[in-house]
A.B. asks: 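After the structure tokens below, expect a handful of questions from me.
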Amino acid sequence: MSNAAQQKDSSPPAAAPAAQRTAISPTRAENFPEWYQEVVKAADMAENSPVRGSMIIKPYGWALWENMTAIFDKWLKNYGIQNAYFPLLIPVSFLAKEAEHVEGFAKECAVVTHHRLEKGPNGGLIPSPSAELEEPYVVRPTSETIIGDAMARWIQSYRDLPLKLNQWNNVMRWEMRTRLFLRTSEFLWHEGHCAFETADEARADALHVMGLYKKFFQDYLAFTGYDGPKTAEERFPGADETFGFEAMMQDGKALQAATSHDLGQNFSKSLGIKFQGRDGKEAHAWTTSWAYSTRTLGGMIMMHGDDDGIIMPPRVAPIQIMILPVVKNESESGELMEFCNKVAEDLKKAGFATQVDGRDMRTPDKMWSAVKKGIPVRVEIGQREMEQNSVTFVRRDLGRESKTTATVSAFMAAIQGVLDDIHNTLLNRHKNFTAANTFDAKSTTEIRDFYTAGKTGFVRVPVELLNDQSLNQFRKENAISTRCMPFEDEGRSVLLAKSY
RNA sequence: CGGGGCGUAGCGCAGUCUGGUAGCGCAACUGCUUUGGGAGCAGUGGGCCGGGGGUUCAAAUCCUCUCGCCCCGACCA
């Protein structure tokens, strides 16, 4: 409860018999939020910036995001989505057009009110009073309105439908409390916006993209979770239905990894997205929107990381294989580097993201650096290996016990399988973890007992319980939200959890 | 926005109560020895003590205002 006091006591591991030093301290068990921050730092992925709530994504973090976007972008195009770009600034009046939408976002909008600076009375620069905008702009918190406005002009006939757009961009929501990747004021995402002739098509689109997310998370990011409709209280402002993908973090809190919205005709009516139908009559289009963001990346860290730092899922890892030359003495180093580079070249030709760590550092330090960056496979090559034309490699997911020596040709033949196996190990770990942290409860009393006992995870309860006022009161007091109504239970149940 | 904690070298911290020339560990740099899971010795460099204003002969230290960070809560597709 009194967290502030507790933390201080729990963070130093009390100089106990440091059996095995972990690369990250505190450990997950000691202090999960602090562990998370340290992991991001240790991997050199991101840092806080001078701009409150906005982070700097460093090259290694960016490389991961880039991989996460490149793959999914192809899938979207394959599904018939066209990428486009819409303005960062949205006229306030646009945002105001959809009643629920304004209400949902007004509280967290950054507003642009001036177009010129001038010298202030105390030095420095101030917005020039003579340069106040007639109508302020908001920095987009999401783009439904400005894209809808364009759609209204672009769509005249049912022949213009469906219109399926997406943009990779940044948005801003003035968050009160931020954490690297998980919640930042400015964040990166893609936002898809589609318009259809019929309600069924729109619904199918929202569901289809949710399916893509699920597949992407499973096949590339190596995690699983529950997908399904959100309850009314968690719905996107202005949506008829929101589908979410909920994943369980190692501290027992849920994280929404993606959402997809069936917006019905709410936005088309307020923004005038109309078309002449096959019957010659005027009709409003049915629209959708969907997204995943840099938050998903943060979630991935919290799902796969261990006390030595992040573990990169191999299929999106910026560096899949790191080769460490183990140099004994200078005289051999030239020949050894040549050998390492040769192996690296072959791996690169075979399509694997490979690097040789040729930095002038002690070997153990390079090893830990690779560990903290979560590089799936670390290859060590010293005099021994070179003489036998072999390599020694270690899997990040299994640690030093997995150390194996193989001939170069055997390694080349096996590496794809090794990476796939790492992927599967991570995925299965997370599947088992999710299953082990999903509990069933049939009554408000059971739910109360669960949380009162200090347990965490998903609690799956019958949807009818949402009508129980005493449960709602309890949820409110304990910050327990409804996550989604899993498709697999066909609407009979809803998942409760504390969440990010 | 409420409650709590905290800003001192790149990082982690001591010094603040009781005002008197800015310290420790790690990292960095140099040299030698080392190198297959976090090395050893010797040496060197590095500070607007978050920022503004005040009190004082004198401020990291006291007063005041402010900015920022962390944790919890509220809020949050």
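Residue numbering restarts at 1 for every chain, and letters A, B, ... go by the order of the sequence lines. None of these values were measured; they are calculated from a predicted model.
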A.B. asks: Would you mind reading off the distance between D44(A) atom CG and C11(B) atom P, rounded to a whole angstrom?
C.D. replies: 13 Å
A.B. asks: Can a cation-pi geometry be assigned to K164(A) and Y79(A), taking NZ or CZ under 6.0 Å from the six-membered ring centre and within 45° of the ring axis?
C.D. replies: yes
A.B. asks: For atom OH of Y137(A), decide whether the heavy atoms of other residues, nucleotides or ligands shown that lie under 6.0 angstrom number more than 12.
C.D. replies: no
A.B. asks: Looking at C24(B), which nucleotide sits across from it as a Watson-Crick or G-U wobble partner, both distances under 3.5 angstrom, or is there none?
C.D. replies: G12(B)
A.B. asks: Check the surroundings of atom CH2 in W189(A): do more than 12 heavy atoms from other residues, nucleotides or ligands lie under 6.0 Å from it?
C.D. replies: yes
A.B. asks: What does Q37(A) touch in the nucleic acid at a heavy-atom separation under 4.0 angstrom: a base, only the sugar-phosphate, or nothing?
C.D. replies: sugar-phosphate
A.B. asks: Taking atom P of G3(B) as reference, at what distance in whole Å does atom CE of M176(A) sit?
C.D. replies: 15 Å
A.B. asks: Applying a 4.0 Å non-hydrogen cut-off, can you work out what K476(A) is touching in the nucleic acid: base, sugar-phosphate, or nothing?
C.D. replies: sugar-phosphate
A.B. asks: Within the structure shown, what part of the strands sits under 4.0 Å from T392(A) by heavy-atom distance: base, sugar-phosphate, or nothing?
C.D. replies: base
A.B. asks: Give one of base, sugar-phosphate or nothing for A479(A), where a contact means two heavy atoms less than 4.0 Å apart.
C.D. replies: sugar-phosphate
A.B. asks: Could you give the CD1-to-C1' distance, from I480(A) to C75(B), as a whole number of Å?
C.D. replies: 17 Å
A.B. asks: Whom does C62(B) pair with, Watson-Crick or G-U wobble, provided both distances fall under 3.5 Å?
C.D. replies: G54(B)
A.B. asks: Students often get this wrong, so: under 4.0 angstrom with heavy atoms, is E191(A) touching a base, only sugar-phosphate, or nothing?
C.D. replies: nothing
A.B. asks: So what's G38(B) paired with, Watson-Crick or G-U wobble, going by both distances under 3.5 Å?
C.D. replies: none
A.B. asks: Report which part of the nucleic acid Y292(A) touches: base, sugar-phosphate, or nothing (heavy-atom distance under 4.0 Å, all strands).
C.D. replies: nothing
A.B. asks: When the nearest nucleotide of RNA chain B is assigned to S369(A) and to H261(A) on a heavy-atom basis, which residue is associated with the more 5' position?
C.D. replies: S369(A)
A.B. asks: Please give the distance between the C1' atoms of G38(B) and G43(B) as a whole number of Å.
C.D. replies: 23 Å
A.B. asks: Check this one for me: any side-chain N or O of N48(A) less than 4.0 Å away from OP1 or OP2 of C70(B)?
C.D. replies: yes
A.B. asks: For E380(A), which contact category applies under a 4.0 Å heavy-atom criterion: base, sugar-phosphate, or nothing?
C.D. replies: base
A.B. asks: Mind checking if R384(A) touches a base, just sugar-phosphate, or nothing, with heavy atoms under 4.0 Å?
C.D. replies: base
A.B. asks: Give me the distance, rounded to whole Å, that separates G68(B) from C63(B) when you measure between the P atoms they each carry.
C.D. replies: 23 Å
A.B. asks: So which nucleotide does G45(B) pair with, by the Watson-Crick or G-U wobble rule with both distances under 3.5 Å?
C.D. replies: none
A.B. asks: Hunt down the Watson-Crick or G-U wobble partner of G2(B), both distances under 3.5 Å, from any strand shown, or write none.
C.D. replies: C72(B)
A.B. asks: How is R378(A) classified with respect to the nucleic acid when contacts are heavy atoms under 4.0 Å: base, sugar-phosphate, or nothing?
C.D. replies: base
A.B. asks: Take atom CD of E175(A) and atom P of A74(B), then tell me their distance rounded to the nearest Å.
C.D. replies: 14 Å
A.B. asks: Scan Q383(A) against the nucleic acid and name what it touches under 4.0 Å (heavy atoms): base, sugar-phosphate only, or nothing.
C.D. replies: base
A.B. asks: For the residue pair R483(A) / S499(A), report whether a side-chain donor-acceptor contact shorter than 3.5 Å exists.
C.D. replies: yes
